[in-house]
**Q** 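Pasting a structure below so you can have a look.
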Amino acid sequence: MIDKVTLKLMNDSFKKGVRLDGRKLDEFRDITVETGVISKAEGSAMVSLGNSKVLVGVKVNAGEPYSDSPDSGVLMTGAELTAYSHDSFETGPPSPAAIEIARVVDRAIREAKIIDVSKLVIKSGEKVWLVFVDIYTINADGNIFDAATLGAMAALATAKLPIFKDGEIIRENLKDSLPVDGKVVSSTFVKVGESVLVDPTMQEESALDARLTIGIKDGNIVSLQKGGNHGFNDQEVEDMIDRSIVHSKKLLKALK
Amino acid sequence: MIDKVTLKLMNDSFKKGVRLDGRKLDEFRDITVETGVISKAEGSAMVSLGNSKVLVGVKVNAGEPYSDSPDSGVLMTGAELTAYSHDSFETGPPSPAAIEIARVVDRAIREAKIIDVSKLVIKSGEKVWLVFVDIYTINADGNIFDAATLGAMAALATAKLPIFKDGEIIRENLKDSLPVDGKVVSSTFVKVGESVLVDPTMQEESALDARLTIGIKDGNIVSLQKGGNHGFNDQEVEDMIDRSIVHSKKLLKALK
Amino acid sequence: MIDKVTLKLMNDSFKKGVRLDGRKLDEFRDITVETGVISKAEGSAMVSLGNSKVLVGVKVNAGEPYSDSPDSGVLMTGAELTAYSHDSFETGPPSPAAIEIARVVDRAIREAKIIDVSKLVIKSGEKVWLVFVDIYTINADGNIFDAATLGAMAALATAKLPIFKDGEIIRENLKDSLPVDGKVVSSTFVKVGESVLVDPTMQEESALDARLTIGIKDGNIVSLQKGGNHGFNDQEVEDMIDRSIVHSKKLLKALK
Amino acid sequence: MEVKPKFLIKNGKRLDGRKVGEWREIKITTGVIPNADGSCQVDFGKTKVIAAVYGPRELHPKHMVLSDRALVRARYDMLSFSVEDRKRPGPGRREIEISKVIAEALRSVVMVEKFPRSVIDVFVTVIQADASTRIAGLNAASVALADAGIPMKGLVTGVAFGKIYDETGKGVMVADVFKPEDQWGEADIAYAKSIANDEVVLLQMDGDVTKKEFLEGKAMADKAIEYTYQEQVKALKAKYEGD
Amino acid sequence: MEVKPKFLIKNGKRLDGRKVGEWREIKITTGVIPNADGSCQVDFGKTKVIAAVYGPRELHPKHMVLSDRALVRARYDMLSFSVEDRKRPGPGRREIEISKVIAEALRSVVMVEKFPRSVIDVFVTVIQADASTRIAGLNAASVALADAGIPMKGLVTGVAFGKIYDETGKGVMVADVFKPEDQWGEADIAYAKSIANDEVVLLQMDGDVTKKEFLEGKAMADKAIEYTYQEQVKALKAKYEGD
Amino acid sequence: MEVKPKFLIKNGKRLDGRKVGEWREIKITTGVIPNADGSCQVDFGKTKVIAAVYGPRELHPKHMVLSDRALVRARYDMLSFSVEDRKRPGPGRREIEISKVIAEALRSVVMVEKFPRSVIDVFVTVIQADASTRIAGLNAASVALADAGIPMKGLVTGVAFGKIYDETGKGVMVADVFKPEDQWGEADIAYAKSIANDEVVLLQMDGDVTKKEFLEGKAMADKAIEYTYQEQVKALKAKYEGD
């Protein structure tokens, strides 16, 4: 939690429309997305969002489909708030916060129908491709939600599909890409006192009253996730939707 | 553990043949058994034993038989002393007390041959029905053993058997019942000081020196489980067996 | 950890070339190896190394091969520093120290090619023999590494191979032995202050600065594992290798 | 494996006969778990959820203690037989996420500063699932807190809304989705408000909607929330009158 | 897969040649684990179990401490290779239940009030299993406690009894069941007494018996218990004479 | 399933073109994790490992506290996608063993007595694996500790060595093994020194070598260690000059 002096400083600054790092309330930090950083992964991306660094990798394995969808591949998304990326994170099984991030990224990709799982079937009802998207924080300085979505999107968009031949998986010299179509990005807002900010730093997150992550694809809302111990009023929700649609264009550019 | 004043009150009362809730030493509380309470379950029952409320459900899945019994279905019984049913219970993996309840109920059903597992084979050695009996305390006020046995018995006796067709399980509009035959019930006794009581409340359990649960089917003993940090003498054991046979008739009536 | 008085006593004694139990620095304790002690196991051995007692059993099951080695059986080695074998050991999942012992024994057996895993195939790619070597301390008084290696070696060398017939495993009246060839033994050294000792007791281990376990087969080094919070100099390493080759001959005799 | 139906709404009638803004029968009962400090069952049609509140009580482990207020913890779980395919006992990733958002929504109304260093435990258990279980559970939890006499700024009240396709394939916004609409529909939005604070306290979405559709659905849900809130109040009054 | 035999007793002779009331060879040895404060191995035929006692010693975690007496904890487990099919390491549900009833049985004789705030840890380990392992373990644990010098009101002594079918299919009561009788028989009853207190301290049954059969089997077991008790005492004496 | 190659070295040239004593390109960078007190990435060819140091800081749980010195803890793990087949998240038995030997090696140089009752946490994470990951990680950890300003007697520096077969089937000793040599070779030896203390601080071997071969390989590795050490020092200097 944040100390009272810093909180007052923040709120005074926000009232003037400026954040402690000099940004405007509705301004994202610098974004860089580098793909293909891990040659052992089928797809990978390192995302920097200000000082936040997130590494996402995609591995594709062969396995059994779910019994209720024999003709679909499987997408599985995991996230770790690693103990080496921030002093306050701990080792052990994923925290509720890490699980929430993984599930929100997963829903955005799934609901935006980014991956055509019907094209991931090796043999109907028996063998399909399992796509694992694993998200790791390398340096955590707030807004892992949006960095993780960018990283997952970039890693999937550049991922190769292995070949299944004679019971074995071939991962070398691959040509085919994963059947990925379209792009989803998300914008996360936090409310501190009376102000609503986009792309919060860790310091801003430690002062938040409410949080909203909005996933956008082609100008439509594809995911929503509210957090925090307080609420937003209706007008704030509407405004954040508008702003997330605007931000989505810049975020898509970062994905190239 | 119980405080000394209440314990003295109890013992004084027991010597006069009366319990703090007005019952005689050898008297069960009111019993109600309601079946079919959960439409998603193949069978279900809500049992009230005084203030103790236990909800039992039966789900039937298709799965592999054990390698040493290829021509038998499988019965699996679980119990949870839920954190919402009593202030002293905790969340987390099942406690030894919960495991004991599940295993004692399981043994009573299994040893009384209530379910004909040979009729639960879909394809010999490959696919059989797995019958899951899950017991949850909704409000815990003592003697979960007997309430759980009643609930499991009632849920099984009213459970439907799904149909396995073209690799899928059909659970709608079922006519066939689970192959259940006969009824087992149990009576639990506790010894407090010199007195032996049937169907203890939570308060009485917190004062117990020894406990014995006796499962009866058709007047025969089908399961026994002693608990508590002290013992019973031979005469007490013999008396409890006699009394459990008498109680079994009333308990069977509660099952309708 | 050891108290300072005892540590001084030890170091003074070591300088005279004598240990607190009367042994010379380069002397092993008495070794006995008894095989076939557990009739339910396919192979078993009880090893005494002074007051250390280790029980090792071998069970052989049928199972699937690893997908990257369809024509090899599987060796799996586990070790438990049981809570009943020493006041300082605790129940629960294997400690890092227990995992280290299991992995070091496993590597020695594996790298010395003691088991011909190519002869453990029942059906290529589908069914192979899984060989489980399980190590338990019965009484722990130091140098579990070498006792465990002796026990694993003796249990494997005397183990029988079950028969797989009509989908079932037959374990009675077996004639064939496991395909075991050659023998590996290990010598463990610890450095306390300036002295290097072989086959340390628990008391000596509690004073160690550095530890080295050397596995020898036919005069060759087949495994090395250094432990402890300090190092050895090059000369010490060379000396320990020489001494481990000498000790290996006596250790092989204990295996008969 | 069930087959996806051709439409989820036709001529303005949903599969269970409801109109777009219509909600299922709502039944709210307090005191269902006598041992608890407060408890409540909420039925939204065939969805049945119970909530129990224990506290304020002492908090273990000590390092979680908040020196200036109570910790509100929530634990959402489903009975193994509350769903079509047996759920493995114990909370999985889905349950952990839902527990988190339920706890956060409740904290917006509980006067936590009244009970420093203590914990208020809220247990939400799905007895039978027919969609909207988290929202039914949150409604139940909010009433159970009041039933336990915990000081609150007001109740939390929610109703899910969604988008389903009609016989022409067009998306239509509806209030209070049930299982087939959740399973086959185009969007499912869990939504809850604190009426007292005029705040959105829970909002989660799966699906694909335009801003216009979102606002249209939300307006429908707001009407259902108003009704549900009255039912919550009635249940609490019934209890006090019954006392 | 083994085939169920046609009978388990014929002409009064069991599969291993014993008569109905006869027990297997019993061997009791103390001091098998020198590091322990007390230890004991009990063999009932091919069933071999060792028990080790550590304590009274300090108890962690602190919240389990009993202010007026010692906590007696028991942990029953089997070596992975003690049974036909390898047992996965670590206690499962069966082991947790058995640990509970063994601890409860031992508490009836240990003078726990002598050592407030401490713990007495009893470890029971099955080295080789041929039925009746919990009873063999309890006998070993009771001797190990005495070997550790823990003040006790007396020993705990048990022998299992059971019901097996003869060549005509009729049930016959027998003492000290072994593996085939446990596996194929009609009842298996784990039973232990405190002779000093004249109390039944452990009683568990799987099967189907009449009251008459139960009492008949119990009477047989009582004779075997008397013999086993003498063997326990002998083992303890041998130790002290050996000292 | 890959096929074992006919040789790993031919005419003195290894599969990636290196000579026997030659090491892969080594790249050492500090400060890769700004939040950490110290951090470092070490690349040995395609093997890429990062290390982060947090501490000295307060240690939980309290019973692990050492009254006269700091506890140095290490945690080695691999990203799920750092290897060919996806690694399940969380440390397994291999990772636990490696964490233990890395922690022990580092303790030989950290001046732990300067920070009683505290913990120094070292996190080693394999980003991409092409053999020798524990040694690359140990090199990174040692630089990260220095980068964190922890007082040390010196750095720890390692290079693996191994034995690989040539076209005639004969074993040849080489420095800095990479994946095919680790997978198909006859010995893989993880080896690290404290140059300041002139001590071997990590030594682990899989394989089969004579004493002569061992010493020959070790001599090669010592040369590679000397070079690696200079690179470590350079990376640290670059940081301070950059400051």
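Just so we're on the same page: letters track the sequence lines, and every chain starts at 1.
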**Q** For the CG atom of B:N139 and the CG atom of D:N35, what is their distance to the nearest 0.5 Å?
**A**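 The distance works out to 3.5 Å.
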
**Q** Using non-hydrogen atoms only, which part of D:A129 is less than 4.5 Å away from chain B: side chain, backbone, both, or neither?
**A**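 When you check distances to chain B, only backbone atoms of D:A129 fall under 4.5 Å.
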
**Q** Take D:V83 and B:K40 through the test side chain to side chain contact (heavy atoms under 4.5 Å, CB included) and record every step on the way to the result.
**A** CA-CA 6 Å; D:V83 280; B:K40 295 272 169 173; 5.6 Å; no

**Q** Determine, step by step, whether B:I138 and D:V32 satisfy the side chain to side chain contact (heavy atoms under 4.5 Å, CB included) criterion, reporting the C-alpha distance in whole Å, the side-chain angles of both residues, the deciding distance to 0.1 Å, and the verdict.
**A** CA-CA 9 Å; B:I138 300 298; D:V32 293; over 6 Å; no

**Q** Where on B:E42 is there a heavy atom nearer than 4.5 Å to chain D: the side chain, the backbone, both, or neither?
**A**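 Neither part, no heavy atoms under 4.5 Å.
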
**Q** When heavy-atom pairs shorter than 4.5 Å are enumerated against chain D, which of B:V60, B:T91, B:N61, B:N51 gives the highest number?
**A**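 Going by pairs under 4.5 Å, I would pick B:T91.
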
**Q** If you round to the nearest 0.5 Å, how far is CD of B:E172 from CD of D:E84?
**A**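 It is 6.5 Å, given to the nearest 0.5 Å.
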
**Q** Is the shortest side-chain heavy-atom distance between D:F81 and B:Y136 below 4.5 Å?
**A**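 The answer is yes; the side chains approach within 4.5 Å.
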
**Q** In Å, rounded to the nearest 0.5 Å, how long is the span from CD of D:Q128 to OG of B:S39?
**A**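 D:Q128 atom CD to B:S39 atom OG measures 3.5 Å (nearest 0.5 Å).
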
**Q** At a 4.5 Å cut-off on heavy atoms, which part of D:T125 comes close to chain B: side chain, backbone, both, or neither?
**A**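 Contact with chain B: side chain only.
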
**Q** Does B:D3 CG have over 12 foreign heavy atoms under 6.0 Å away?
**A**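 Yes.
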
**Q** Do other residues, nucleotides or ligands put more than 12 heavy atoms under 6.0 Å from D:K100 NZ?
**A**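 Check passes, neighbour count above 12.
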
**Q** A quick test of your reading: do over 12 heavy atoms of other residues, nucleotides or ligands sit less than 6.0 Å from NZ of D:K10?
**A**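 Counting neighbours around NZ of D:K10, 12 or fewer heavy atoms of other residues, nucleotides or ligands fall under 6.0 Å, so no.
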
**Q** If I compare all heavy atoms of D:A52 with all of B:Y84, which pair ends up nearest, and what's the gap?
**A**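 Heavy-atom minimum between the residues: CB-CB, 3.7 Å.
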
**Q** How about D:R57 and B:D87: do any of their side-chain heavy atoms sit closer than 4.5 Å?
**A**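 D:R57 vs B:D87: side chains touch.
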
**Q** More than 12 heavy atoms of other residues, nucleotides or ligands under 6.0 Å from NZ of D:K46: yes or no?
**A**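 For D:K46, atom NZ is not crowded (no more than 12 foreign heavy atoms under 6.0 Å).
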
**Q** Where on B:V56 is there a heavy atom nearer than 4.5 Å to chain D: the side chain, the backbone, both, or neither?
**A**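 Only the backbone of B:V56 comes within 4.5 Å of chain D.
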
**Q** Looking at B:A41, B:G167, B:A83, which makes the most heavy-atom pairs under 4.5 Å with chain D?
**A**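 Greatest number of close heavy-atom pairs with chain D: B:A83.
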
**Q** With a 4.5 angstrom heavy-atom cut-off, which part of B:I170 approaches chain D: side chain, backbone, both or neither?
**A**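 Nothing of B:I170, per the 4.5 Å heavy-atom cut-off to chain D.
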
**Q** Answer yes or no: are there more than 12 heavy-atom neighbours, outside D:K62 itself, under 6.0 Å from its atom NZ?
**A**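 Enclosed: over 12 neighbouring heavy atoms sit under 6.0 Å from NZ of D:K62.
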
**Q** So which part of D:S80 gets closer than 4.5 Å to some heavy atom of chain B, the side chain, the backbone, both or neither?
**A**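 Both backbone and side chain.
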
**Q** Between D:G55, D:A36, D:P34, who has the most heavy-atom pairs with chain B when the cutoff is under 4.5 Å?
**A**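 That would be D:P34.
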
**Q** Verify the neighbour count for atom CD of B:E27: are there more than 12 heavy atoms of other residues, nucleotides or ligands below 6.0 Å?
**A**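 Correct, the count exceeds 12.
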
**Q** Is B:D134 salt-bridged to D:K87, cutoff N-O under 4.0 Å?
**A**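 No salt bridge links B:D134 with D:K87.
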
**Q** B:H86 and D:Y54: which non-hydrogen atoms are nearest, and at how many Å?
**A**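 B:H86 and D:Y54 have their closest heavy atoms at N-OH, 3.2 Å.
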
**Q** At a heavy-atom distance under 4.5 Å, which candidate from D:S39, D:S82, D:A51 has the highest pair count against chain B?
**A**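 Between D:S39, D:S82, D:A51, the count favours D:S82.
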
**Q** Would the number of heavy atoms belonging to other residues, nucleotides or ligands and lying under 6.0 Å from CG of B:D181 be above 12?
**A**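 Not buried by this count: 12 neighbours or fewer within 6.0 Å.
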
**Q** State, with a plain yes or no, whether a side-chain heavy atom of D:F123 is found less than 4.5 Å away from one of B:T82.
**A**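 No, every pair of side-chain atoms sits at 4.5 Å or beyond.
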
**Q** Please flag which part of B:V37 lies under 4.5 Å from any non-hydrogen atom of chain D: side chain, backbone, both or neither.
**A**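 The backbone, not the side chain.
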
**Q** Locate the shortest heavy-atom distance separating B:R171 from D:D85; write the atom from each residue and the value.
**A**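 Heavy atoms of B:R171 and D:D85 come nearest at NH2-OD1, 3.5 Å.
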
**Q** Between B:S44 and chain D, which part of the residue has a heavy atom less than 4.5 Å away: side chain, backbone, both or neither?
**A**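 For B:S44, no heavy atom lies under 4.5 Å from chain D.
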
